[in-house]
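This report refers to the structure that appears directly beneath it.
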Amino acid sequence: MLSSDDFYHVKAVADHGSLSRAAGALRINHTTALRRLDQIEKRLGARLFKRNRSSYALTPVGEEIIRLATHMERGLDSGRRHERSAGAHTSGGGVVPRDTIVAQTGLEFLKAMVAGIVPQAPMAATLGFRLVDAGEGRATFEGVPEFRLYNPIGTVHGGFAASLLDSALGCAIFSTLAKGETWTTLELKLNFVRAMSKDTGAVRAEGRIVHRGRTVATSEGTLKDGACKLYAHATTTCMIFPARS
């Protein structure tokens, strides 16, 4: 299964006809762009491009992926128009009015965000990650560690991992909410396993519900790269507020 970011990565290579130019447009280095494309093709079990030194040409499978990516891009454009009509911040994310959120279940709202119908959060745009999948009791965010996220000692700041996991774990709980219910995080416990760098490639934070009570819920999750190497794991506790009568 491919995420929306995977589709956009493939589309960038197809649009530019060159991995180097695509890497520049995506603001990642050539090695990271190549590694991610290799991971995508391995996940699909098919070649998307006929490669040579000077160009990348789409295979029939690649052409189908581009068709899907174009469809997703149109959906995102529709979501951006929705942001503008609602007066939302449009520099890469937006905030949906509370009444709009509580008028649907948590899972309905998260699926609308994955589809681009409602905007990703401004925080996600700031750090370069996004919600890519959601189901009952689970949520997945993806991001790409970059040089701009480095701390003074030359590795990606721990706040990047914390933000990804906080988002995934919180949204795993969010996905269980009924219409009218709201939530907030009470505690986040995080363990770092290894450092990330600008060469790590895309990482995925997967959150899973552990317990859903009437007023308190807990979830757990992991942060891994495309090779399933673990970088951090975490647990969270959230407070659930009932629907207003």
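Residues: numbered from 1 along the sequence shown.
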So which atom in [X] and which in [Y] form the shortest heavy-atom distance, rounded to 0.1 Å?
X    : Y    : result
V114 : A134 : CG2-N, 4.4 Å
L190 : A232 : CD1-CB, 4.3 Å
L230 : T222 : CD1-CB, 3.8 Å
I240 : I173 : CD1-CG2, 3.8 Å

Atom [atom1] of [X] and atom [atom2] of [Y]: how far apart are they, to the nearest 0.5 Å?
X    : Y    : atom1 : atom2 : value
L165 : H233 : CG    : NE2   : 9.5 Å
E181 : F241 : CD    : CZ    : 11.5 Å
T140 : R208 : OG1   : CZ    : 9.0 Å
L107 : E136 : CG    : CD    : 6.0 Å
F160 : T200 : CZ    : OG1   : 9.5 Å
T31  : L19  : OG1   : CG    : 9.0 Å

Which other residues belong to the hydrophobic cluster containing I153, where Ile, Leu, Val, Met, Phe, Trp and Tyr are joined when side-chain heavy atoms lie under 4.5 Å apart, directly or via other members?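 The other cluster members (ILVMFWY side chains, heavy atoms under 4.5 Å, direct or chained): none.
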What residues join I28 in its hydrophobic cluster, counting side-chain heavy atom gaps under 4.5 Å, either direct or through other members?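 Same cluster as I28: L26, V144.
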Set out, in order, the CA-CA distance, both residues' side-chain angles and the distance that settles salt bridge (charged side-chain N to carboxylate O under 4.0 Å, His left out) for R204 and E142, then state yes or no. CA-CA 5 Å; R204 293 171 66 91; E142 277 195 352; 2.4 Å; yes
Answer whether the closest heavy-atom distance between the side chains of [X] and [Y] falls below 4.5 Å.
X    : Y    : value
N52  : K50  : no
D225 : Y231 : yes
S175 : F109 : no
L48  : I40  : yes
L37  : R51  : yes
R130 : M113 : no
S197 : F147 : no
V13  : L58  : no

Short N-O contact, D99 and R244, less than 4.0 angstrom: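 Salt bridge between D99 and R244, a charged N being under 4.0 Å from a carboxylate O: no.
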Any donor-acceptor pair under 3.5 Å linking the side chain of [X] with the backbone of [Y]?
X    : Y    : answer
S219 : I209 : no
K224 : A205 : no
E108 : T105 : yes
Q120 : L131 : yes
T32  : K198 : yes
H9   : A33  : yes
T126 : P122 : yes

Under 3.5 Å side-chain donor-acceptor pair for T59 and R47: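 Short answer, no.
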[X] atom [atom1]: more than 12 heavy-atom contacts under 6.0 Å:
X    : atom1 : result
R148 : CZ    : yes
F192 : CZ    : yes
H157 : NE2   : no

Same cluster for [X] and [Y] if Ile/Leu/Val/Met/Phe/Trp/Tyr side chains link at under 4.5 Å?
X    : Y    : answer
V96  : L110 : yes
L164 : L188 : yes
V210 : F141 : no

So D15 and R21, side-chain contact (heavy atoms from CB on, under 4.5 Å) or not? Walk me through it. CA-CA 9 Å; D15 286 346; R21 288 196 293 271; over 6 Å; no
Under the rule for ring-ring contact (aromatic ring centres under 6.0 Å, His included), what residues qualify as partners of Y56, not counting sequence neighbours?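 For Y56, the residues satisfying ring-ring contact (aromatic ring centres under 6.0 Å, His included) (neighbours in sequence not counted) are F49.
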Going through the checks in order, is the side-chain contact (heavy atoms from CB on, under 4.5 Å) test met by R212 and L177? CA-CA 10 Å; R212 170 58 155 93; L177 266 57; 4.0 Å; yes
Take D199 and N29, measure what side-chain contact (heavy atoms from CB on, under 4.5 Å) needs, and give me the verdict at the end. CA-CA 8 Å; D199 298 318; N29 62 44; 2.8 Å; yes
Taking only residues two or more places apart in sequence or in another chain, which ones pass side-chain contact (heavy atoms from CB on, under 4.5 Å) with [X]?
X    : answer
T185 : D166, W183, T236, C238
S163 : M123, L127, F129
L186 : T237, M239

Test salt bridge (charged side-chain N to carboxylate O under 4.0 Å, His left out) on E220 and R138 and set out the steps. CA-CA 10 Å; E220 63 183 6; R138 61 179 180 80; over 6 Å; no
Worked check of salt bridge (charged side-chain N to carboxylate O under 4.0 Å, His left out) between E41 and R36: CA-CA 9 Å; E41 290 183 330; R36 180 156 190 181; over 6 Å; no
